[in-house]
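Worksheet: the structure to be examined is printed underneath.
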Amino acid sequence: MTYSTGLMKNGFAVTASAASTKGDGYVDGTQFSGVSYFINISKEINDNHSLSFSAFGAKQQHGQRQNRHLIETFKNSERGRKFNSDWGYKNGQVTFQEDNFYHKPQISLNHTWNINEKTSLLSSAYVSFGTGGGGGWRGVNKFTFNEADGSSPYRTGLYGPIDFDLISAENEARGAEGSETILRASRNDHNWYGLLSTLKTDLTDDLVLLAGLDFRSYKGIHFQEVTDLLGGRYFLDNGNENNPNNPAGVGDKINYYNDGKVGWLGLFGQLEYDINEHFNAFISLAGSNTSYQRIDYFNYLDSDPLQKTDRYNFAGYSVKGGANYRFGGNHNVFANLGYFERAPNFDAVFLNFSNDNINADAPNQKISSVEIGYGFRGEKFSANLNLYRTFWKDRTEIASFQQPDGTRAAANILGVNAIHQGIELDFVYRVSNKFNITGMASLGDWRWDKDVLGVPIFDEDQNLIDVVDIYIKDLHVADAAQTTAALGLDYRLAPKTRINLDYNYFGDIYAEFDPSDRQEPGPDAWKMPNYNLFDVALTHGFKFGPFDASITGRINNLFDLEYISDAQDGRAVGNPGDPDYIPGSSARVARVYYGFGRTFSVGARLNF
């Protein structure tokens, strides 16, 4: 429901919106509920000043299908593509092994100042407070099952839901020993403050300057908490050095508890040159400083100075430019290029989630990009064609390795580069006043640039403890469709009735893998099957008494196509030469999610 006053005589305008949603989910065990809200209060103070206050958010919770499975597992299960192993029943109620819950309201105050006819200043101060996280288990893992036949003592039938009552009974029988298996939530709360201010001024009739300040302060609060003891009295946790052997109850923190603090200060400026109706260009520069600090309340004693690190600063910058030339009344050509350096990821600085293995000299990620294109604007037909190439150098890549004492450690690996290049086309064809056709196509070639060989790993005393090789040259960048296409038909059957048919194609999708795991030559990741989806919608408008109303029906995946929407590359099973050997990077060992089958929705709208 949305209500808006429009601009009132007193200079105020108010818009408020609220929505509630609840459902079962297409996949088993993915029930969901949520409440969302939005409010905006604007005030025109005078001709030069206006204020706008906004607040919005959505509090939601939903069950998750967290674990991928073999294609064979989905086919063996009676539930097929709706199969989900991460839920069950407790006392007759649906209970999630894996779920997600979050609430992140964002509040902002915006001020617009028209300084004079040529200059204006737009400023926005904002805050955001996020609370929530994702569920899972802790202790003894009783949630796995035999993927070949679906059997497990803790499931109701083959490939069945989890029997939480049996787990609870076992925990209860342990009495004073406490629960051996519990449900927990991994929390990722945060406090975020920011200020963004942009000045726009016309230096001349042809030259516009944009300049501004971007300040952000972020504190991420990370911990696990007990959410369900599953019948036991407590859960014995030894994750806190300041409170070992803690008999934790529901709501208590366990396993880890740390804060990550991120600061950002950026300055930017842009010049836009628009000499006439034929030519315009721009150039922009930006600089930033990103600071990181980590506080660990569990792995270090309160008396240990290592509990709180120093702040580590990383400077970044960017330069971008572009130009557009229009000619012949219908044509234009354009080019854009840019280079920027971004700070390394937080985990690349504090390796292995610790405060005493700090990579203070972690290098920036370096990204250069170029794009050239052509556009056509006609009375009935419009289109854009562009070619792009992006080179991403020193992408943050963390490799795990074993130290001489047998413990595991991690290191940031340099030289992991990726090349994204391709060609894109989009168009609109207005056949008549009743009929429009839209379309797009994107052909990409995204690959890892080179092998990264002989990377030495040193300890804090500069002793060589390992040499890492990563064989990724010419392997495809995974986890996204590199070839996509779409076609949309919009036909008006009557003045208030229209039908839409959308076609989408997804191809050249490679299963997800971690480049640092490719420590010996091997094949490309498994290439997932391409797929095509059709969606159709019909909207009809009518009068409902004195009000305007409409009803919309939509069918997604019209032909009920069975397709794999996501995959993780597998590992070889057995040894070459064995009769049961299954090579890696194939459909037989990849773990996948299936996409939704045919679904439909009907909705009505009433305007008053």
Side-chain angles (χ1 to χ4, degrees), residues 20-35 58-103 132-171 179 181-187 224-231 250 556-557 560 562-568 591-601:
S20 175
T21 182
K22 186 176 183 179
D24 293 336
Y26 180 82
V27 173
D28 292 343
T30 55
Q31 288 84 346
F32 60 89
S33 62
V35 176
K59 185 176 183 180
Q60 63 81 30
Q61 181 175 14
H62 64 270
Q64 288 200 137
R65 179 177 59 176
Q66 179 74 18
N67 290 295
R68 301 177 180 92
H69 293 291
L70 300 173
I71 295 173
E72 182 182 8
T73 299
F74 286 97
K75 294 188 178 300
N76 290 339
S77 168
E78 293 182 356
R79 300 300 297 160
R81 56 187 159 179
K82 292 188 176 184
F83 172 68
N84 177 17
S85 65
D86 300 329
W87 71 287
Y89 290 99
K90 178 186 174 189
N91 297 327
Q93 299 296 316
V94 170
T95 302
F96 306 116
Q97 176 206 333
E98 303 277 357
D99 67 347
N100 179 275
F101 57 98
Y102 218 83
H103 185 206
W137 59 273
R138 188 79 183 153
V140 177
N141 184 0
K142 298 181 179 180
F143 304 105
T144 59
F145 62 97
N146 187 323
E147 295 222 17
D149 61 15
S151 61
S152 167
Y154 299 101
R155 292 188 179 267
T156 306
L158 302 180
Y159 298 103
I162 299 166
D163 186 351
F164 284 103
D165 290 332
L166 176 57
I167 298 173
S168 297
E170 291 181 350
N171 282 338
S179 297
T181 302
I182 63 165
L183 297 179
R184 53 81 183 156
S186 295
R187 296 288 297 268
Q224 281 188 355
E225 68 174 351
V226 179
T227 56
D228 194 331
L229 290 169
L230 295 178
V250 172
N556 294 320
N557 193 0
D560 199 27
E562 186 175 281
Y563 66 98
I564 293 170
S565 61
D566 187 89
Q568 187 173 44
R591 294 185 172 271
V592 307
Y593 294 137
Y594 273 85
F596 287 8
R598 180 168 49 234
T599 61
F600 71 91
S601 64

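Residue indices begin at 1 and follow the sequence shown. Below, all heavy atoms of this structure are taken into account, side chains as well, without hydrogens, waters or symmetry copies.
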For H69, ring pair (Phe, Tyr, Trp, His ring centres under 6.0 Å) partners two or more places apart: F83, F145
V226 backbone acceptor or donor facing R184 side chain under 3.5 Å: no
Q61 versus D99, side-chain donor and acceptor atoms under 3.5 Å: yes
Any donor-acceptor pair under 3.5 Å from D165 side chain to N91 backbone: yes
Reference residue Y594; test side-chain contact (heavy atoms from CB on, under 4.5 Å); the match among D566, V27, I71: I71
Side chain to side chain, N557 and Y563, heavy atoms closer than 4.5 Å: yes
T227 side chain to L183 backbone, donor-acceptor under 3.5 Å: yes
Close side-chain approach of T599 to Y26, heavy-atom, < 4.5 Å: yes
R155 side chain vs S85 backbone, donor-acceptor pair below 3.5 Å: yes
OH-CZ distance between Y159 and F74, expressed to the nearest 0.5 angstrom: 11.0 Å
Main-chain N/O of A148 paired with N146 side-chain donor or acceptor, under 3.5 Å: yes
Y154 side chain vs L166 backbone, donor-acceptor pair below 3.5 Å: no
Pairs flagged by salt bridge (Lys or Arg N to Asp or Glu O under 4.0 Å) wherever residues 132-152 is involved - sequence neighbours left out: K142-E170, K142-E180, E147-R591
D86 side chain to E98 backbone, donor-acceptor under 3.5 Å: no
Candidate list R79, R65, K82, test salt bridge (charged side-chain N to carboxylate O under 4.0 Å, His left out), partner D28, passing option: R79
